[in-house]
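Numbered from 1 within each chain, the chains take letters A, B, ... in sequence-line order.
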Amino acid sequence: MDLKKRLHILKRKYKYKKMAPAFNALHTFLYLPDETTHNGTHIKAADDLKRTMNIVIMAMVPCLLFGMFNAGYQHYIALGEIEAVSGGFFSSEFWTLDNFLVGLVKILPLVIVSYGVGLAIEFLFAVIKKHEVEEGYLVTGMLVPLIVPVDIPLWMLAVAVAFGVVIGKEVFGGTGMNILNPALTIRAFLFFAYPTWMSGDKVWVHGAVERDQAIAAGQNLDAISGETILGSLAQGKEAGYEVMDMFLGFIPGSVGETSTLLIILGGLFLVFTKIGSWRIMLSSVVGAIIMGLIFNQVAASGWITDSSKFYGLMSAPFWEHLIIGGFAFGTVFMATDPVTASQTNKGKWIYGFLVGFISIMIRVFNPAYPEGVMLAILLMNVFAPTIDHYVVQGNVKKRMKRLKVKTA
Amino acid sequence: MGLLSKKDTKLITDPLADNNPITIQVLGICSALAITAELKASIVMAVSVLFVLGIGNVVISLMRNIIPSKIRIIVQLVVVAALVIIVDQVLKAFAYELSKTLSVFVGLIITNCIIMGRFEAFALGNGPWRSFLDGIGNAAGYGVILIIVGFFRELLGSGTLLGFKVLGDPIEKTGLYALGYENNGFMLLSPMALIVVGIIIWVQRSRNKALIEDH
């Protein structure tokens, strides 16, 4: 008897036991269930929730691998051991085993903690609620390590994941019922709870915080600073990186968000597999461009002079906003979350547009919240049902009108 | 129970649990969110409301037969305002620093829905002794939640309780901080108070299913 068969038998044997949901989750993770739907209407479809989520994870893997190389690369540049190279995606200084190992050692634990804590809570709730485990955490668990700084302490991540999964999702009834994107809830929790680990110029490069502690302890070393481009711009300084580097991702930032190129590739993959909504991605970019253009005009017209604290970010060219910070990542992987985004097509245009528009607005007007994207998406998550409501009502009204014309 | 009859005991114990003004009636939320970042402030607020509601209920109950019903809200306001001013002056005299932390929220006890709610719903129709018990009970129910929220917010947000560094010193890195623990700044922000109250409501309703409203 093979393993698959044996598991099926075990499953039937323990069907009504308390731990059954936890067992079934592991079982269906490995094999397709051997039972089919017995009654009611069914739709035959090749993809289920699990496959949908696996595709999203596949789209994120390049970002994760790139993030590992980049973590090491930024670390060694900051230490002064290698020179920064400009241009060229296939730079030999970047794709080295040393870089990768540094990243692997730092980022793999983030992934493990994220999945470990998140899935433990999912299993716990499945057992308490006596229903099957929901696959909802598969994508969230992968998103979380990509949107945090590389040096975040693991216990903080664990606390935040527990908070985000319980308060962001389970209290509303689990996967599919949540109002806010759980991954962003986790990030927002970290951002407000432990701001010293989530912003500033120390946290983005591995080793900077340790080096500061060594200096404070009296060692004669140079401080490492790895300011993000948003941080530099907010202080009115030059970005300090070539445009090509920003686009390719050779810049400090959260683990998986730096490489706009790979995010675009992931986004195209999602669009072609029809998992991600191209309407949201496109309208979000349009919204960001329009807000950026408005700010550029304001800066160019001289209303805001360079003595203003908004000037740095306001005068940055509008297209630069698209390739720095977490905008691209948020737009492609977070705003398109099918549960928390608008459901109607027209609603998706409005929702996406406002995500982009508000992201750039928060970035510029409140430099203390450099990640406007996170707050913009969370805000629009809250408004998504309202948008849908009005879209549906508008449609109802339109059709009622048509009805009247015909009967009259 | 020699002093209190069974019915009277219920007046005090009900608001503490199954008819709690904050978690069940969802009244008085604003002050519960605003001043619970420190345990000390929570306790002072709880005691202030206990004083105002206990005395206020008795006063209103004594006057209940002579208050014209058309202007009863104004009379209630005058009573509660007078009591709140006494509390405010006492705090300013004996605990000036604390009265600064509580700032406007002592004055805002006047508009605390729980107080006007108890005047309207109970004191206007019951005798002074029962009104007193009802006032004490409801204020205690409010205070218990305030103290629970204040406890968790101060402990997790600042690492202190009543100002004592129970978790160690964050600057000199003693106690828990030596292990890399850090205070959770989110606990000090008002949204977290709402979430803590929400968690209390969640726990309470899952322990007593009868409290869950059907929709």
Open item on the list: Are the side chains of B:Tyr181 and A:Met156 in contact, using a 4.5 Å heavy-atom criterion?
Closed with: no
- [ ] Against chain A, label B:Met187 side chain, backbone, both or neither, depending on which of its atoms sit under 4.5 Å from a heavy atom there.
- [x] neither
Task: B:Ile199, part contacting chain A, at a heavy-atom distance under 4.5 Å - done: side chain
Open item on the list: Around atom CZ of B:Phe152, are there more than 12 heavy atoms from other residues, nucleotides or ligands closer than 6.0 Å?
Closed with: no
- [ ] Over 60° means perpendicular and under 30° means parallel, so classify the ring planes of B:Phe186 and A:Phe189, tilted if in between.
- [x] perpendicular
Open item on the list: In the structure I gave you, are the side-chain heavy atoms of B:Ile195 and A:Phe163 within less than 4.5 Å of one another anywhere?
Closed with: yes
Task: Closest contact, heavy atoms only, B:Glu182 versus A:Tyr194 - done: O-CE2, 3.7 Å
TODO: Please examine the side chains of B:Asn184 and A:Phe192, heavy atoms only from C-beta on, and report whether any two atoms are closer than 4.5 Å.
DONE: no
Task: NZ (A:Lys106) with more than 12 external heavy atoms under 6.0 Å - done: yes
